[in-house]
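As structure tokens, the structure follows; a few thoughts come after it.
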Amino acid sequence: MAYSQAECVIKNIIREIAQECADRGHSISETLVAFMVKAVVLDPRYEFNVDRTLTKTDVSKLIMICVDRLLESQRPSLDTIKMQVYFDMNYTSRAALQSVFPQSELGIFLALTKKDKERQLNELSMIVTGIRLFNKNCKKGGEGVDDLPAILNEAVPATKQNVEAELQATQQLIYHYTAIIERLEKSREQCYEEGGLHDKLKEALYNVRQHEVFLRIVVTEIITCAKQVEMLQHQLNIRMLDLNAVVKSKAAVPTAQVYPHFIAVSNLWTSFQDEMVLLSVFSNLVNNLDPYLETHSQLFPDGVIGPLLEGVIVKTDEQRLSEVSEERINPSDFKNREWIFPEDILAYRQPTMQYRGFCAYAFGARYGLLLRGNPNIGILKYHEKFYIFSSKEAASCFSQKPDCYIAMAAEHAQHSAELIQLLELHQQFSTITPYAQSARCMKPIVKHDSCTQTDTHILEPNIVKSYEWNEWELRRKAIKMANLRQKVTHYMQTNLSHMRRDNTSQVYLPKNKSIQTKRDNSSNVPKPQVYYAGLRGGKVADRTHMIKYNLTRSVDET
């Protein structure tokens, strides 16, 4: 099934489940329905095969199971899932506080162009706000402006005290349920009774543990809010001192000097307003979590819890951790296992503990029991994940067969879908995504006109030139091959030879040379001969007379 088709089928199933619940008088959000569909498919008890396309019978069965589970009453498990959905959809980090728009309108807001008129009006508003705050500080005006720093200094501690009081009440329930579950574990009949007290206590324990996690998050945010208010108040006092130094008793001050201070004061005041809004959001968030705890008073009133606690020692998380504070694993006792300790954590950049810091052995081996782990005992690093334990014995047992206990933990999470969110097991169950992410993924379908061009020949042509359709030609080739098999041939390598050998040789190419020659020619000429007579003189000196005789032969003579 294509991805788009499968997505369409899932959306139709979600709508049908939500409509069926609405027809029965219960309004259920699509986010909760989507998570329940994935949880039911993941649960092996319902025998859905995720690798097979769902038939009509499977779809009808899935819708019926999801509707029944969503409309169950007095189930702490369902209340825990609803609490998780509500918290993730309403809790926002401090980074998103600067925007006054809800998440659904952020896209529209970001698509708008920023006009110069809006910028000027915003700047003017900040300047006016800064002037009024300065006048109020000088006690010369500013009527109607609330003293936000003073209000926050009272509201933050009060809100923190209220949340911590509710956190203590939740923790008291946690300690009671844990003690009763440990008592029931000693009786195997009560422990494994299907749908019995033990299972309901486990669901209740997961419910209050999730509530504890959310309250701790809110307390941390309130502490950060208190620090932020203190810092803003310090910066506001400094700005007011600077303004007093600039203005003093002058009748007129240049705007270039004083306007930046007014804008800065306005920004600080806006930050105070943001902290007020944030504090109100956290207070309402905590109050709106209370309805998801009402099942406890119905299932486990004082008349039920009281007798179960008789003779049972109720221990807090701190007491359990202090009892094993002196225990410590000896890494040399465990071969092929890597152990680290709190003093070594800085080298690992604050690793995230698996199962949100609960004992990995107790959760896997003790049927989903949640006990706080003590890192001082030793932190086991296994497959790039970190596990802590509630006792030295638990650490020793887990390190011997870690894969077995991890598989047990996964099986418990499949049967109790709320554990996936509580223990942060989304990576292990890739089909289940956090609620906030799944809500952001549900985007509206946008349609627009578009055109595409399809190529005539998409695939590259593959022509087999050796293919022959004529059977007579095939017969002729077969006869030729049979005839060749009876011939004696001599091997000769040609250009068309099959798998012929490639030979290469290196030669010196003839050089292009040119020379200039001269033709020698000669002729035989007579040798010149000249004779001079009378050079020595005669007998009489005065009669001396020289005579020249040319004896050279003529050229024409042969």
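The figures here come from the full heavy-atom set of this structure, side chains too, leaving out hydrogens, waters and symmetry mates.
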Is R320 close to L371 at the side-chain level, that is, under 4.5 Å between some pair of heavy atoms?
-> yes
How would you list all residue pairs meeting salt bridge (Lys or Arg N to Asp or Glu O under 4.0 Å) that involve residues 156-165, not counting sequence neighbours?
-> K160-E164
What closest approach, in Å, do A18 and I28 show between heavy atoms, and which atom pair accounts for it?
-> CB-O, 4.3 Å
Contact check, side chains of L184 and I180, non-hydrogen atoms, under 4.5 Å | yes
Determine the minimum heavy-atom distance between V218 and F282, stating which atoms define it.
-> CG1-CB, 4.0 Å
CG of L167 to CD1 of I174: how many Å apart, nearest 0.5 Å?
-> 8.0 Å
Salt bridge (Lys or Arg N to Asp or Glu O under 4.0 Å) involving E212 - partner list, sequence neighbours excluded = R209, R216, R372
How far does OG of S325 sit from CG of L321, to the nearest 0.5 angstrom?
-> 9.0 Å
Among residues two or more places apart or on two chains, list those pairs meeting salt bridge (Lys or Arg N to Asp or Glu O under 4.0 Å) that have a residue in residues 352-367.
-> E182-R366, E185-R366, R356-E424
Q354 side chain reached by I388 side chain, heavy atoms, under 4.5 Å | no
4.5 Å side-chain heavy-atom contact, L293 and L173 = no
D23/Q19 under side-chain hydrogen bond (donor to acceptor under 3.5 Å, both in side chains): CA gap, chis, key distance, verdict | CA-CA 6 Å; D23 294 341; Q19 184 62 39; 3.0 Å; yes
With sequence neighbours excluded, what pairs up with E323 under the side-chain contact (heavy atoms from CB on, under 4.5 Å) test?
-> K315
Could you pull out all residues at least two apart from R69 that satisfy salt bridge (Lys or Arg N to Asp or Glu O under 4.0 Å)?
-> none
Quick check: are there more than 12 heavy atoms from other residues, nucleotides or ligands sitting under 6.0 Å from CD of E230?
-> no
Under the 3.5 angstrom rule, does the side chain of S399 hit a backbone N or O of A395 as a donor-acceptor pair?
-> yes
For the residue pair H234 and N237, establish whether any side-chain heavy-atom pair is separated by less than 4.5 Å.
-> no
Any chance you could measure Q414, atom CD, to D43, atom CG, to the nearest 0.5 Å?
-> 7.5 Å
Mind checking what makes ring pair (Phe, Tyr, Trp, His ring centres under 6.0 Å) contact with Y382, not counting sequence neighbours?
-> none
Side chain to side chain contact (heavy atoms under 4.5 Å, CB included) evaluation trace for L380 with E338 | CA-CA 6 Å; L380 176 63; E338 183 178 357; 5.9 Å; no
Ignoring hydrogens and angles, tell me if any N or O in the side chain of Q319 forms a donor-acceptor pair with the backbone of T316 under 3.5 Å.
-> yes
Kindly say whether E318 contributes a backbone atom to a donor-acceptor pair with the side chain of S322 at under 3.5 angstrom?
-> yes
What heavy-atom pair brings S390 and I377 nearest, and what distance separates the two atoms?
-> C-CD1, 3.8 Å
In short, salt bridge (Lys or Arg N to Asp or Glu O under 4.0 Å) pairs touching residues 280-300 with sequence neighbours left out are none
Carboxylate-amine/guanidinium contact K202 E418, below 4.0 Å | no
Which heavy atom in P342 sits nearest to a heavy atom in P375, and how many Å separate them?
-> CD-O, 3.4 Å
Nearest-0.5 Å distance that lies between atom CD in E203 and atom CG in L419 | 10.0 Å
In Å and rounded to the nearest 0.5 Å, what is the CD to CE distance from Q210 to M83?
-> 6.5 Å
Could you check K227 against E221 for salt bridge (charged side-chain N to carboxylate O under 4.0 Å, His left out), going step by step and ending with a plain yes or no?
-> CA-CA 10 Å; K227 295 179 181 178; E221 292 288 355; over 6 Å; no
Reference residue N207; test side-chain hydrogen bond (donor to acceptor under 3.5 Å, both in side chains); the match among T295, T80, D79 | T80
Is there side-chain contact between F272 and V229, with heavy atoms separated by less than 4.5 Å?
-> yes
Which heavy atom in C66 sits nearest to a heavy atom in M36, and how many Å separate them?
-> SG-O, 4.1 Å
List the atom of R183, the atom of V312, and the distance in Å for their closest heavy-atom pair.
-> CD-CG2, 3.5 Å
Test ring pair (Phe, Tyr, Trp, His ring centres under 6.0 Å) applied to F398 - qualifying residues, sequence neighbours left out | Y387, F389, Y405
When you check the side-chain N and O atoms of D88 and Q421, is any donor under 3.5 Å from an acceptor?
-> yes
Any chance you could lay out the side chain to side chain contact (heavy atoms under 4.5 Å, CB included) test for L236 and L232, step after step, and finish with the verdict?
-> CA-CA 6 Å; L236 182 62; L232 291 174; over 6 Å; no
Taking C-beta and beyond as the side chain, do L370 and T178 meet within less than 4.5 Å on heavy atoms?
-> no
If you measure from SG on C225 to CG on L279, what distance do you get to the nearest 0.5 Å?
-> 5.0 Å
Examine F214 together with F87 and report whether their ring centres are nearer than 6.0 Å.
-> yes
Check: Q235 side chain, L268 main-chain N or O, donor-acceptor pair, under 3.5 Å | no
Mind checking salt bridge (Lys or Arg N to Asp or Glu O under 4.0 Å) for E20 and listing every partner two or more places apart, or none if nothing turns up?
-> R24
Is the closest side-chain donor-acceptor distance between N288 and Y86 under 3.5 Å?
-> yes
Partner residues of E384 under the salt bridge (Lys or Arg N to Asp or Glu O under 4.0 Å) criterion, sequence neighbours left out | K381
The side-chain contact (heavy atoms from CB on, under 4.5 Å) partners of A169 (sequence neighbours excluded) come to none
May I ask you to decide if V277's main-chain N or O and S280's side chain share a donor-acceptor pair within less than 3.5 Å?
-> no
Expected output: side-chain H211 to main-chain T170 donor-acceptor under 3.5 Å | no
Should we say atom CD of E326 is surrounded by more than 12 heavy atoms from elsewhere, each under 6.0 Å from it?
-> no
Can you list every ring-ring contact (aromatic ring centres under 6.0 Å, His included) pair that touches residues 297-321, not counting sequence neighbours?
-> Y177-F300
Does the side chain of V85 come within less than 4.5 Å of F35's, by heavy atoms?
-> no
